[in-house]
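Numbering of ligands and ligand atoms starts at 1, following listing order. The residues of the chain are indexed from 1 along the displayed sequence. Both backbone and side-chain heavy atoms feed into the values below; hydrogens, waters and symmetry mates do not.
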Amino acid sequence: MAATAPAITAPAVTWEVTDGIATVVLDLKGQPVNVISRAVKDEFIACFAALADDARVRAVAFFSGKADNFIAGADIEEFVTLTSAAEAERLSADGQEMLDRVARFLKPIAVGIHGACLGGGFEFALACHYRVATDHPKTQIGLPEVQLGILPAAGGCQRLPRLVGVRAALDMILAGKSERAAKAFRLGMVDELVPPAILAEITVGAARRMAGGWRPKRKRRGGIMGFLLDGNPLGRLLVYRAARKQVLEKTGGHYPAPLAALEAVEYGMRHGIAEGLKREAQLFGQLAVTDVSRKLVQIFFATNELKKDPGIANAPPPVRVHRLGIIGSGFMGSGIAGTAVAQAEVDVRMKDADLARVAQGILAARAILDDRLKRRRITKYEYARLIALLSGGDSYAGFGRAELTIEAVFEELGVKQQVLREAEAVLPSASVFASNTSTIPITRIAEAARAPERVIGMHFFSPVAKMPLLEVIPGARTSPQTVSTAVAFGRRIGKTVIVVQDSPGFWVNRILAPYGNEVGHLLAEGASIEDIDSMAVRFGFPVGPVTLLDEVGLDVAVNVAGVMQSAYGDRIVPAPGPGIGALVKEGRLGRKSGRGFYIYTGGKKRGVDESVYGLLGIHPNGGPRPAEILQRLVLGLVNEAARALGEGVVRSPRDGDIGAIFGFGFPPFRGGPLRYADDLGAERVVSDLERLAERYGVRFAPSEVLQEHARRGTKLYS
Ligand code: 3H9
């Protein structure tokens, strides 16, 4: 959280004047990124006042002094200190006022953007008169505010729609998106796109031309549809209506920020920019002090802390991975391979039992790169270069130089130990061997190793390219450097990494076990599949637990459930009846086989497969009350999370909550299961669990950890 300086010692804003052009540079000394804090705002105001008075200055060219960051937005840490809506509204109004001065500045201002230009940083650029951006991948431009539970409140909701049209602006603002520079250019967010080497020259040149009276001409974008939808009030009405519907579908009404942003845009377009700004500031005031925003900001800082956390105390420096070995080229193996190439540009060598499988694996890994090319995340040239990094075979040829090897073979101890033995025979002596197991203890796998200190678990989630979490699991004898190497590599390939104890289910599957298991009980008691799922979605999960089982794969779920039942038998009590195993026997494996609890065609979920009830020997008849369904699902999970935290399965509540949010979508606005327990209060959670235990059995008995906090009136987050 070092980006905020309590007091700026060296000036952050400096300038010099050459041939009538003032070149202004923002550089918060000693901070990783530029942010706009109150102190920086004061410096901006002083700088522009001086430039206004300086007769030599005819135009301004503005840059960041950071190597690869423009401005990361307003200072998020200042939001945390806001105590009232009125105070927050004032903060926004002050920011707007400053940018209004920039927009009305009599001497034209051109900005040269290189690196992240986000939130208040982009709002500043929007207030300037000409925007040049580098075509570098680090240049990301956008308004991510709604992801923090707030809205762009320094004029972003007013200036962006006027620049690029209402549709494009809403698309960006309501999803909290940022775009690469090329797309930002296509949309009209920036006026010119240049290679980094000539950014300064082109920006200063634009400032000079504007000083001579030239003004950029911007065309309306979007052709006839742009005119029909963006260009007149009736068309915009349709756009607002569609956007509102989409937001409600997406957020389930749990996140107020996108709707507020929509209102700020709509209000401003209807009543003019001045009124729009006022509304924007009011709405920011209301949002900034909501619990939802506080939770989302906590998640932002927790994720940032994890980015710097080596995963282990006094960690030795990690080994840099240049070549990665992947054993097993199935869905997970190819997912890891493709992600590693796309994110870290490492050389990947895959191995499987026969060449046909390897070829399939390479194709699947390539699909990740194909997707990036299609979305224009990489150029054709980069694509060709990255593809060349993927190779494979049916032997360990090429593994001799791998600093890290990850196995993703069949989930069986004997098979994993066998590949470990084979790999150790060819791997370099300092190389790390990681298992992507979801259930098998790492210490057991490492029993087959000559060098157990170099064996570790790296549990990825499916699909690897999309799921942001990685659990790193040291075994009993894993060395600290093996841990730091696995953590550093996970982070390099874009994952949020938590280090987890080597115990059954690790963290994510452990806390999901009672949640998934309760589905069986609820079904057996007559709850319908739709009711169970819809209650969880109403709570804020992206999908319900039955859909989640289908997504994970019912065969995988049965395997995990078996492991969890033998480890935690008294809590993971199977429901009466044949259970999910009956569906697996029929070849219903979930989404991947087109049939599970639901039917899938053309990659889409089509509805419940009613014949499932017959196979499970049950009849939906209403089942327990909806509130009871929800409590059983959620409190079982919360109870297990608190228990596992008490056992030290995760190192802190922060890691546990981030694991639950990024691992299976525990609603972010609730802050994670542990934060949720704290919000409810341990006493209440314990009394609810006791009531459930009385009715449904010992599986709901409150954990010792929660009881202790209830007795003392303390919280899981100290
Ligand atoms: C806003 O602008 C509101 C306005 O509309 C209206 C106001 C009235 N503030 O992520 P990193 C810190 S809301 C404070 O590791 P990277 C971060 O915590 C803002 N601190 O670097 C970390 O600190 P530490 C909208 C910030 O290279 C350090 O900088 N903007 C801020 O992987 C390095 O960060 C956003 O939501 C900030 N705004 O990624 C953008 N930004 O070293 C948020 C960063 O002590 N930021 N820090 O842990 C990002 O997305 C990424 O930080 C960025 C760089 C892409 C910029």
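- When Phe122, Phe70, Phe300 are checked for heavy-atom proximity to atom 46 (N) of ligand 1, Phe300 turns out nearest.
- Each of the following atoms of ligand 1 lies closer than 4.0 Å to a heavy atom of Phe79: 3 (C), 13 (S).
- Each of the following atoms of ligand 1 lies closer than 4.0 Å to a heavy atom of Gly119: 2 (O), 25 (C).
- Note: an N/O pair closer than 3.5 Å links Lys308 and ligand 1 by distance alone.
- With respect to Asp679, the salt bridge (charged side-chain N to carboxylate O under 4.0 Å, His left out) criterion is satisfied by exactly one of Lys295, Arg670, Lys715: Lys295.
- Residue contacts with ligand 1 include Pro144, since one of its heavy atoms falls under 4.0 Å from the ligand.
- Of the N or O atoms in Asn304, one or more lie within a sub-3.5 Å distance of an N or O in ligand 1.
- At a heavy-atom distance under 4.0 Å, only side-chain atoms of Val35, from C-beta outward, approach ligand 1.
- Side chains of Met189 and Ile113 form no contact here, defined as non-hydrogen atoms less than 4.5 Å apart.
- Assignment of Pro32 to the shell around ligand 1 is supported, since a heavy atom sits closer than 4.0 Å.
- Sparse packing is recorded around CD of Gln246, with 12 or fewer heavy atoms of other residues, nucleotides or ligands lying under 6.0 Å away.
- Not a single N or O atom of Ala116, backbone or side chain, sits closer than 3.5 Å to an N or O atom of ligand 1.
- Ligand-side atoms of ligand 1 in range of Asp75: 9 (N), 14 (C), range being under 4.0 angstrom from any heavy atom.
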**Prompt:** What do the steps show when you test Thr496 against Thr303 for side-chain hydrogen bond (donor to acceptor under 3.5 Å, both in side chains), and what is the final call?
**Reply:** CA-CA 7 Å; Thr496 295; Thr303 322; 5.7 Å; no
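- Salt bridge annotation for Glu275-Arg279: absent, with no cationic side-chain nitrogen under 4.0 angstrom from a carboxylate oxygen.
- Nearest to atom 39 (O) of ligand 1 by heavy-atom distance, out of Glu280, Lys307, Lys138, is Lys307.
- Lys29 NZ: more than 12 foreign heavy atoms inside a 6.0 Å radius.
- A side chain to side chain contact (heavy atoms under 4.5 Å, CB included) with Pro256 is found for exactly one of Val146, Leu287, Leu283, namely Leu287.
- The residue from Lys66, Glu145, Glu89 that puts a heavy atom closest to atom 5 (O) of ligand 1 is Glu145.
- The proximity of Ala72 to ligand 1, defined as any non-hydrogen pair under 4.0 Å, involves the side chain as well as the backbone.
- Here Gln140 has no heavy atoms under 4.0 Å from ligand 1, in either its backbone or its side chain.
- In this structure, Asp371 pairs ionically with Arg375, as a charged nitrogen and a carboxylate oxygen lie closer than 4.0 Å.
- Residue pairs meeting the ring-ring contact (aromatic ring centres under 6.0 Å, His included) criterion with at least one partner in residues 74-100, sequence neighbours excluded, are Phe79-Phe284.
- We find the OG1-CZ distance between Thr251 and Phe669 to be 9.5 Å, quoted to the nearest 0.5 Å.
- Arg38 has no carboxylate O lying under 4.0 Å from a charged side-chain N of Asp75, or vice versa, which leaves the two without a salt bridge.
- Taking any N or O of Glu123, backbone or side chain, at least one lies under 3.5 Å from an N or O belonging to ligand 1.
- Within the 4.0 Å heavy-atom criterion, neither part of Leu143 lies near ligand 1.
- Taking every heavy atom of Pro152 and a limit of under 4.0 angstrom, the matching atoms of ligand 1 come to 5 (O).
- In Gln147, neither the side chain nor the backbone holds a heavy atom less than 4.0 Å from any atom of ligand 1.
- Heavy-atom contacts of Gly73 reach the following atoms of ligand 1: 2 (O) (cutoff under 4.0 Å).
- Applying the ring-ring contact (aromatic ring centres under 6.0 Å, His included) test to every pair with at least one member in residues 89-109, sequence neighbours left out, gives these pairs: Phe48-Phe105.
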